[in-house]
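Note sheet for the following structure.
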Amino acid sequence: MKILIIEDNARVSALLKRGLESQGYQIYISEDAEDALIMTDRISFDLIITDIMLPGMSGTEFCTILKNKQPDLPIIMLTALGTIDEKIEGFDAGADDYMVKPFEIRELYARIKAVLLRKSSLPKHHDARDVLQYHHLVVHQNTNRVFRDGKEIILTPKEFKLLVFLMSHADRILTREEIAENVWGNHFDTGTNYIDVYIAYLRKKIDKDFNEKMIHTKPGVGFIFTHNL
């Protein structure tokens, strides 16, 4: 497994490199995001670990650009920025996980394993299940495009992933824990209101301009994606 670490603090990158190599990973280091983008064109990485505060291009900008080029390549953000808004910005850029410094290295090992496991279980973009359709809502997973009644709806990467999960389990009540585990990963902090925030974002884009609502709340239970209510 090849992992690219983007970190401009030489001490931190050296510690990460030593720790991850002890787990059997092949580690590459880049001190800035621009150089890292060039490296991703030349080397087939299995995972990217990036800081946000970088010289020149930020880790968030890097994440947005890379996810447009390689949407299946998982990215974990490591940063001292830990407010709710900052985390949401990271997830909106396409991050698969987000850890706030300082952190316990063993937790990073566990999160890497969880992210790689989720990646291995996802259908590839050339799979026959590329297109999801529920009544007049159509999702193209190979291009991350969404249409309702022929109108294109623009979603962030995390909103798109949430919608795909809801549509894949249409007509079934999903708990916040199920959504957290499958969209954000096993280590998502269910004590936060991320899920409700993203459900609200998705409702504004998927349901606001249409008479028939698709995303419904079951108080005290969770959410259901259906047209039957």
Side-chain angles (χ1 to χ4, degrees), residues 3-9 12-13 15-16 20 30 32-33 36 47-68 70-119 122 144 154-166 174-206 215 217 222-223:
I3 296 178
L4 172 61
I5 296 172
I6 312 172
E7 171 63 67
D8 63 330
N9 186 312
V12 173
S13 60
L15 288 171
L16 290 173
L20 292 174
S30 176
D32 64 80
L47 177 76
I48 307 289
I49 297 174
T50 183
D51 193 2
I52 290 182
M53 302 298 290
L54 295 167
M57 181 189 296
S58 72
T60 303
E61 292 172 304
F62 167 84
C63 189
T64 300
I65 293 171
L66 186 63
K67 282 294 185 175
N68 284 329
Q70 300 186 51
D72 292 329
L73 181 54
I75 299 175
I76 296 177
M77 287 186 171
L78 303 181
T79 178
L81 304 176
T83 69
I84 295 297
D85 287 341
E86 287 161 344
K87 290 180 180 179
I88 288 176
E89 182 180 0
F91 285 129
D92 277 349
D96 296 88
D97 206 343
Y98 191 113
M99 292 185 67
V100 178
K101 299 175 181 178
F103 55 87
E104 166 61 51
I105 190 67
R106 291 176 299 173
E107 182 180 356
L108 176 60
Y109 298 159
R111 294 202 184 200
I112 288 173
K113 289 179 181 178
V115 167
L116 291 174
L117 180 62
R118 291 201 305 274
K119 175 191 174 184
L122 290 175
N144 285 21
I154 306 300
L155 301 180
T156 67
K158 194 59 66 175
E159 290 167 353
F160 182 84
K161 189 173 183 179
L162 175 59
L163 176 61
V164 168
F165 182 69
L166 293 175
L174 297 168
T175 66
R176 287 172 173 78
E177 289 74 18
E178 287 178 292
I179 295 172
E181 180 177 349
N182 287 278
V183 179
W184 276 270
N186 294 323
H187 301 279
F188 178 78
D189 183 2
T190 54
T192 69
N193 65 340
Y194 285 0
I195 295 172
D196 297 86
V197 169
Y198 271 91
I199 288 289
Y201 289 165
L202 204 53
R203 276 195 177 120
K204 288 179 181 178
K205 295 181 178 182
I206 297 297
I215 304 172
T217 300
F223 304 94

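Values in this document were obtained by computation on a predicted structure and should not be read as measured data.
- Side chains of D51 and V12 form no contact here, defined as non-hydrogen atoms less than 4.5 Å apart.
- Note: I179 CD1 to I199 CD1 = 5.0 Å, rounded to the nearest 0.5 Å.
- In this structure, the separation between CG on L78 and CE on M53 is 14.5 Å, given to the nearest 0.5 Å.
- I84 has its side chain within reach of Y194: a pair of non-hydrogen atoms, C-beta onward, lies under 4.5 Å apart.
- Formation of a donor-acceptor pair under 3.5 Å by the E7 side chain with backbone atoms of N9 is found in this model.
- The CG atom of L4 lies 9.0 Å from the CD1 atom of I49; values are rounded to the nearest 0.5 Å.
- The closest side-chain heavy-atom distance from K205 to L155 is below 4.5 Å.
- Side-chain contact check for L108 versus M99: some heavy-atom pair is nearer than 4.5 Å.
- With sequence neighbours left out, the ring-ring contact (aromatic ring centres under 6.0 Å, His included) criterion links F165 to H169.
- Put simply, the side chain of V100 reaches to within 4.5 Å of the side chain of Y98, judged on heavy atoms.
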Report task. Please lay out, stage by stage, how Y201 and I206 fare under the test side chain to side chain contact (heavy atoms under 4.5 Å, CB included). Result -> CA-CA 9 Å; Y201 289 165; I206 297 297; over 6 Å; no

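- Here the CD1-CD1 distance, from I48 to I5, works out to 10.0 Å after rounding to the nearest 0.5 Å.
- Counting heavy atoms from C-beta outward, Y198 and N193 have side chains that stay 4.5 Å or more apart.
- In terms of heavy-atom proximity, S30 sits nearest to A36 at OG-N, 3.4 Å.
- Closest approach of L47 to L73, counting heavy atoms only: N-CD1, 3.8 Å.
- A cation-pi contact links K158 to W184, judged by a cut-off of 6.0 Å to the six-membered ring centre and 45° from its axis.
- In this structure, N144 and F160 have side chains that are in contact, with non-hydrogen atoms separated by less than 4.5 Å.
- In this structure, R203 contributes its side chain and I215 its backbone to a donor-acceptor pair below 3.5 Å.
- In this structure the side chain of L54 never reaches within 4.5 angstrom of the side chain of D32, judged on heavy atoms.
- Ion pairing between R111 and E104 fails under the 4.0 Å rule for side-chain N and carboxylate O.
- Summarising the local packing, NZ of K113 is surrounded by 12 or fewer heavy atoms from other residues, nucleotides or ligands at distances under 6.0 Å.
- Taking CZ of F62 as the start and CD1 of I6 as the end, the distance is 3.5 Å to the nearest 0.5 Å.
- Using a cut-off of 4.0 Å between Lys/Arg side-chain N and Asp/Glu carboxylate O, D96 and K67 are scored as salt-bridged.
- Here the closest non-hydrogen pair linking A33 and S58 is CB-O, 4.3 Å.
- In summary, the side chains of T83 and E86 do present a donor paired with an acceptor at a separation below 3.5 Å, with no hydrogens or angles considered.
- Of all the heavy atoms in M77 and T60, the pair that sits closest is CE-CA, 3.8 Å.
- Atoms CG and CD1, from L116 and I112 in turn, are 7.0 Å apart once rounded to the nearest 0.5 Å.
- Here the closest non-hydrogen pair linking A95 and C63 is N-SG, 3.5 Å.
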